[in-house]
Amino acid sequence: PSEITDSQLIMKVLNLIYTKFDSELLYFGSITKLKMSDNSYVCAAGLFKEDGLIEKYSIDVISLALRLREVILNGIMINESKVQLKIGIYTGGPLVCGVVGRESPSFEVFGKAMNLAAELEKSALENQIHMSNLTADLIQSLKLELIERPNDSSIPGIEESTWILQ
């Protein structure tokens, strides 16, 4: 048998993870996968709708996040180390999206919400879901145990509390 390099192993594991994530995403028609880059799986809910269902979309995103975390917590391993994940969720806008490029066009989404979601993800601890204050308000009906991070000034662009779902 041929040797598997670290790069090949990482590609196999990423393919496994992203395939499982895509399978979970099928349960949520309101959520659009935007891209996979580096080690990020980026989604948005209600992107092409103007129906005012922001609470439903927030609940869908949190529900998907819980399912994705469960996929990882069920024990995907690389070289005997468990794979970890961090999730950042920001509710709001503005967002601008469209196809950019001519030779290799790609669909891109830009805006404050994308940047803040990335910052929330970056500041989360392993296997945590870190969300904006508005997201936490909109998902109260789920009765999840959230931990407040008061006036979280560690995240550029956020001046209010953020919330952690451990």
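Heads up: numbering here begins at 1 and tracks the sequence.
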Heavy-atom check, side chain of T135 versus side chain of W163, under 4.5 Å: no
For L138, what are the other residues in its hydrophobic cluster, where any two members join if their side-chain heavy atoms are less than 4.5 angstrom apart? I54, L134
Side chains of K33 and D22: closer than 4.5 Å at any heavy-atom pair? yes
When clusters are formed by joining ILVMFWY residues with side-chain heavy atoms under 4.5 Å apart, either directly or through shared neighbours, do L66 and V42 land in the same one? no
So, D51 and Y57: side-chain donor and acceptor under 3.5 Å apart, yes or no? yes
Looking at side-chain heavy atoms only, is the closest gap between L165 and M131 below 4.5 Å? yes
Regarding D60 and S30, is there a side-chain donor-to-acceptor distance under 3.5 Å anywhere? yes
Could you tell me if the side chain of C43 sits less than 4.5 Å from the side chain of L34, heavy atoms only? no
Taking atom types as modelled, is there a side-chain donor on N133 or E160 under 3.5 Å from an acceptor on the other? no
Scanning both residues in full, the closest heavy-atom pair of V99 with P105 reads CG1-CB, 3.6 Å
Atom NZ of residue position K20 - does it have more than 12 heavy atoms of other residues, nucleotides or ligands inside 6.0 Å? no
Measure across Y90 and S132 and return the closest heavy-atom pair with its distance rounded to 0.1 Å. CD1-CB, 3.6 Å
Of all heavy-atom pairs linking K35 and E108, the shortest is NZ-OE1, 3.4 Å
Ignoring hydrogens and angles, tell me if any N or O in the side chain of H130 forms a donor-acceptor pair with the backbone of G88 under 3.5 Å. no
What's the shortest heavy-atom distance between I87 and A124, and which atoms? O-CB, 4.2 Å
Please determine whether the number of non-hydrogen atoms from other residues, nucleotides or ligands lying under 6.0 Å from atom CZ of F107 exceeds 12. yes
Sidechain N-carboxylate O distance under 4.0 Å for E24, R67: yes
Where the side chain of N74 meets the backbone of E70, is there a donor-acceptor pair that is under 3.5 Å apart? yes
Assigning hydrophobic clusters by single linkage (Ile, Leu, Val, Met, Phe, Trp, Tyr; side-chain heavy-atom cutoff under 4.5 Å), is I155 placed with M114? no
Side chains of V61 and T91 in contact at under 4.5 Å (non-hydrogen atoms): no
Hey, what else clusters with I164 if you join Ile, Leu, Val, Met, Phe, Trp, Tyr whenever side-chain heavy atoms sit under 4.5 Å? I147
Taking a hydrophobic cluster as the set of Ile, Leu, Val, Met, Phe, Trp and Tyr residues connected by side-chain heavy atoms closer than 4.5 Å, whether directly or through intermediates, do V13 and L85 fall within one such cluster? yes
Could you tell me whether a side-chain N or O of S40 sits under 3.5 Å from a main-chain N or O of M36, the two making a donor and an acceptor? no
Can you sort out the partners of N115 under side-chain hydrogen bond (donor to acceptor under 3.5 Å, both in side chains), two or more places apart, ordered by chain and number? none
How are the rings of F21 and Y41 set relative to one another: parallel (under 30°), tilted (30 to 60°) or perpendicular (over 60°)? perpendicular
Quick one: does C97's side chain get under 4.5 Å of F110's, heavy atoms only? no
To check you understand the geometry: which heavy-atom pair defines the closest contact between L116 and P156, and what is its length? CD2-O, 3.3 Å
Between A113 and G92 the two heavy atoms that sit nearest each other are CB-O, 3.3 Å
